[in-house]
Structures are given as structure tokens and as C-alpha cells.
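Below is one structure, written out as C-alpha cells; comments come after it.
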Amino acid sequence: MARVVVVGAGMGGLAVAARLAATGHDVTVLEQSGTHGGKLGELRRDGFAFDTGPSLLTLPHVYRDLFAETGGDLDAAVDVVPVEPTCHYRFADGSEVDVPHDAAAVPAALEAALGGGTGRQWAELMADAARLWDLVGESVLQRPLNGVGDLLRRSASVRDLWALAPWRTLRTVGRRLSDPRARVLLDRYATYSGSDPRRLPGLMTVVPYVEQRFGGWYVRGGLRRLGDALAAHCAGLGVRFEFGARVTRVHAAGGGVTLEGGTTVPADVVVSDADARHLYDHLVTDRRARAPRRALARAVPSLSGFVLLLALRGRSPRPYHHRVLFPADYDAEFDALFGRDPRPVPDPTVYVCSPDDPTVAPEGHEAWFVLVNAPRQGQVDWTAPGLADRYADRVLTVLAERGHDVRDRVLWREVRTPADWERDTGSVGGALYGSSSNGARAALLRPANRSPVPGLHLVGGSAHPGGGLPLVAMSARITAEAIGPA
Ligand SMILES: Cc1cc2nc3c(=O)[nH]c(=O)nc-3n(C[C@H](O)[C@H](O)[C@H](O)COP(=O)(O)OP(=O)(O)OC[C@H]3O[C@@H](n4cnc5c(N)ncnc54)[C@H](O)[C@@H]3O)c2cc1C
């Protein structure tokens, strides 16, 4: 039995803690904040309950497997329900499309809304994406990846490499769609990894493929219930939690970790769920950390998010769970986020999540989670007096311009800026997904789960295979398997 310290109780940290405890290790999770979940946060007030981070669950079977393989039962712990339609989209010209939960029904829905052969073109694109998923779903996402060599060995044939076509971007692949609105729809999936569609590898068409093939899901009571269930499952497996425990140093080769205040916690193995940049820049001094530190310095961090939580009186006539309202000029948004002069996007895409769930808002009310893409803290000083409030007003105006004027329904509102994400979860600049996937190298070669620093492993959204709830649980499996049973 090894003494394992997990730094951080985000979903990646919890998932690896469960797996390691289930295989007989002695696991302690050290979390700097007062609660588990990390970015999967929650705000409860006056009968409203908001998920403050993730709002869409894809690939729920990854969590089902995690529970089952560690002696639990996800479906006994939480109620995972399909979202129908998966998402309602509104384009700048006022046209709309509902993308259904059932993948087979998506082409017909797109054709009915957008016409011009879009349904057939989308179906062809997704058929190719299915092939890509067969290539990368298991061989890249569910196995350790320690460099270009691993990648080349696994893309067994030239045919595979040709299919992966790392030189193509999502934008160039999107040219197969003749309707500009369909191209905007495809571009949006770049933001699932906090990236720019003009630089994201085209193989990321697997993202819409996965969302449609496996569906979009909700956890009744809010996605946070998934974090609560996993934390409770960990406790049942004997995992110990220490909250308010900020790790300031990770020592190599079984030296344990040091906490703020100077206490040393012994450990044979350390698994870090902290942002990889934070880990390598601030927590590890071992010389073997130089290579990953340098690689991270070259990578472009993912974008961040500006969140507006709206407690609304009254009910909307068309209660969609997920709504995306596109701007007239999508490229202007990516220029504002990734260009030379990053700034809050003046006319952003607005995403709204308003679950039709009586447990998250009082009768006759709605809890709206509104998210827009945002530059990171440091690129913009989100703590500047008045900025967050002014930008919240701007987002409400944009919502009104796009047919959702809720300004006179607001009982109260709260904002979460990139500065808040940075402070509360330790992600550098408030980057939501670690490094962006701008470029094939960045997309495929994130920091490895086994660090070159002996005794140190990484888990979570800033490590391989990447961010998002399912991927961080996949990273936990890779890391737990690398450590092995007790
Ligand atoms: C606004 C928003 C919307 C999102 N939407 C979605 C979505 O719809 N679907 C989806 O799948 N994903 C979504 N994501 C991404 C998803 O939330 C993350 O990829 C995932 O939760 C990351 O989990 P993690 O364990 O890697 O990291 P985190 O959740 O960041 O956890 C890291 C933990 O480590 C702790 N920590 C850091 N440094 C230290 C230290 N030195 N000492 C002790 N503790 C430390 C932090 O406090 C934190 O609790 C969203 C994220 C945000 C913020």
C-alpha cells in the first residue's frame, strides 16, 4: 500500500482518489478551498441553485464506469437525464435550429432549419468524425501519451495519419458545409476546449460527433450533484479529505508535500490535480520539471469565461435547457480573445443554461447560467473597478438584442470572472481547460500524466487527455493505472 497525496479535489482529483483507494492505497486529498468539486461549483441562495461551472455532461458512461469499477453505482447516487433538444441555436439573421438528443435525427433537423443540403453535408462530416473517433477515442484519450513518438507509433498506418490530417483546421474542414450558419455551428465546438477554430485541428470534429452520438445529459438538481456523489463515494472508500490545505511545494521521489504554514505531509506518491502550469511553475523545484515547464511556456492557454448568474422572476415562454445565441461576426469574437490585443468581446456569443428543474428555482422563477468566452485574467484586469458590472450589463443588452430581454425580471445577479476562476481554482489566468488546443501539438500533446519528476503524477483538465468532465475522469484512469494497485 502506498501513501498517496492528491493535490486538489476537482473532479480529476476525486476520480483518481476513488480509483486508487479502491485498489488498496492510502489516499489523502489536500484541497486549498473549503469544498470539493473545483470548477464544478455551485451557488445556492433564496431557493435558487446554480451550477457555476459545467452545465453539460457528455459521455456519462465514463462516470458510470468509474463508479462501477470502484464498487459504486452512479445511477443509485444521482439522476442522469437526457436533455431534449440538446441545444437551441439562434443565428444572427434570426433563424433558429433545435439540435435533437438523438444523433440520427440531427441531419433532418439541420436540413429543415437551414436547408441547402446541410443535413446531408453534416451527416457526411459526422461519418468521417466517427472514423476519427475510432482512431483516437481509445488509442489517444484512454492511454498515456508521452510524446510525438507515442503518437506516431499509434497512428499505425499512413492511412490513419491522412485521416487525422493534423495540418487541417476545424475551419478548413468546415468548408464542406455550404451554409455559413452551419459553419458557425461547427466552429463553436472549438470553444469546448477553449480554442480558436482557425487553429484547432480538424480532427476535433470528434467533439460534435461525441456530443451527438452519445447525447447531452443533465444531472437532476444540478451537475454539482455529480461532484457530491463522487466525493461521498471517495469517503466511503476510505479517502481522507483536508480542506483549507494549500500545497506550496511538491517534493520528488517520496518526499511528500509541504503545506502553507510549513507542515509536511508524507507521501510515497503525489498526484496533482492542480493546473499543470501552477504545478510546474510554482510547486516543483526539481530540475526534471524543466522540460514540461518549457513546453507549457510555449503553449497557448485556453480561453476563460465570464459567467452571469441570474435569479429571474417569471418563466420564459420557450424554456430551453441550453441556448446559444450567435453574433453577426464570429471571427471578431476569436480576434478579441486570441488576437494581439485581447479584450472582453463587445458582441459575444451568449450561452444560456436554464434547467427546467423545480429543484433549482422557486415556483414561478428561473435560474439562468449565462456564459460568454472571455480573455484570461492578466490579459485583461477583471478586478478593475466597475469592469465586471459594466460587462454584465453589456451581456444583458446583447441578450435583449437577440430576443431575450430579461432585464426587468432580474431579482438578483452574480458574476464570476476569470479572476475568480484563478483565485478559486488555481487555474492560471482562469483558463477553463488548461492549455488550448490551438495547433495539433497543443491539442494532442498536453503535459503527460506521469511526470518526469519521480513520484509525481498529473490528473485533470490541464494534463493529458484534456479538459471537460469526461476527459478529466479518463485522465484519472490513466494515472491510476500507471501507479498500479497497492
Ligand atoms: C464556466 C465553466 C463552464 C464549463 N462548462 C463545462 C461543461 O459544460 N461541460 C464539461 O464537461 N466541462 C465544462 N467545464 C470544464 C470542467 O469544469 C473542467 O474541465 C473540470 O471540472 C476540471 O476538473 P479538474 O479536476 O481538472 O480541475 P479543477 O476543477 O480546476 O480542480 C482543481 C482543484 O485543485 C485545487 N488546487 C489547485 N492548486 C492547489 C494547491 N496548491 N493546493 C491545494 N489545492 C489546489 C483547486 O482549488 C481545485 O479545487 C467548464 C468549466 C467552467 C469553469
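Both counts, for ligands and for their atoms, begin at 1 and track the order of listing. As the structure is a prediction and not an experimental result, all values here were calculated from the model.
Sorted by first and then second residue, the side-chain hydrogen bond (donor to acceptor under 3.5 Å, both in side chains) pairs involving residues 215-224 (not counting sequence neighbours) are Thr35-Arg224, His36-Arg224, Asp79-Arg220, Tyr218-Asp357, Arg224-Asp228.
Taking every heavy atom of both residues into account, Val78 and Arg225 meet most closely at CG1-O, 3.5 Å.
Here the two rings, on Trp412 and Phe50, have centers that are under 6.0 Å apart.
Classification of Asp26 and Arg3 as a salt-bridged pair fails, no side-chain N sitting under 4.0 Å from a carboxylate O.
Applying the side-chain contact (heavy atoms from CB on, under 4.5 Å) test to Thr191 and every residue at least two apart in sequence or in another chain returns Arg188, Tyr330, Phe334, Asn373. Judged as a side-chain contact (heavy atoms from CB on, under 4.5 Å), and not counting sequence neighbours, the contacts of Val106 are Val99, Pro100, Leu110, Trp122, Gln212.
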Enumerate, one pair per line, all nitrogen or oxygen atoms of ligand 1 lying under 3.5 Å from a protein nitrogen or oxygen, stating the separation to 0.1 Å; write 'none' if no such pair exists.
{"residue": "ligand 1", "atom": "8 (O)", "partner": "Ser55", "partner atom": "N", "Å": "3.1"}
{"residue": "ligand 1", "atom": "8 (O)", "partner": "Leu56", "partner atom": "N", "Å": "3.1"}
{"residue": "ligand 1", "atom": "9 (N)", "partner": "Leu56", "partner atom": "O", "Å": "2.9"}
{"residue": "ligand 1", "atom": "11 (O)", "partner": "Leu469", "partner atom": "N", "Å": "2.7"}
{"residue": "ligand 1", "atom": "19 (O)", "partner": "Gly468", "partner atom": "N", "Å": "2.7"}
{"residue": "ligand 1", "atom": "25 (O)", "partner": "Met11", "partner atom": "N", "Å": "3.2"}
{"residue": "ligand 1", "atom": "25 (O)", "partner": "Gly12", "partner atom": "N", "Å": "2.8"}
{"residue": "ligand 1", "atom": "25 (O)", "partner": "Asp273", "partner atom": "OD1", "Å": "2.8"}
{"residue": "ligand 1", "atom": "25 (O)", "partner": "Asp273", "partner atom": "OD2", "Å": "2.9"}
{"residue": "ligand 1", "atom": "26 (O)", "partner": "Asp273", "partner atom": "OD1", "Å": "3.4"}
{"residue": "ligand 1", "atom": "26 (O)", "partner": "Gly461", "partner atom": "N", "Å": "2.7"}
{"residue": "ligand 1", "atom": "29 (O)", "partner": "Lys39", "partner atom": "N", "Å": "2.8"}
{"residue": "ligand 1", "atom": "30 (O)", "partner": "Lys39", "partner atom": "NZ", "Å": "2.7"}
{"residue": "ligand 1", "atom": "41 (N)", "partner": "Val247", "partner atom": "O", "Å": "3.0"}
{"residue": "ligand 1", "atom": "41 (N)", "partner": "His278", "partner atom": "NE2", "Å": "3.3"}
{"residue": "ligand 1", "atom": "42 (N)", "partner": "Val247", "partner atom": "N", "Å": "3.0"}
{"residue": "ligand 1", "atom": "44 (N)", "partner": "Gln32", "partner atom": "N", "Å": "3.2"}
{"residue": "ligand 1", "atom": "47 (O)", "partner": "Glu31", "partner atom": "OE2", "Å": "2.7"}
{"residue": "ligand 1", "atom": "47 (O)", "partner": "Gln32", "partner atom": "NE2", "Å": "3.0"}
{"residue": "ligand 1", "atom": "49 (O)", "partner": "Glu31", "partner atom": "OE1", "Å": "2.7"}
{"residue": "ligand 1", "atom": "49 (O)", "partner": "Glu31", "partner atom": "OE2", "Å": "3.2"}

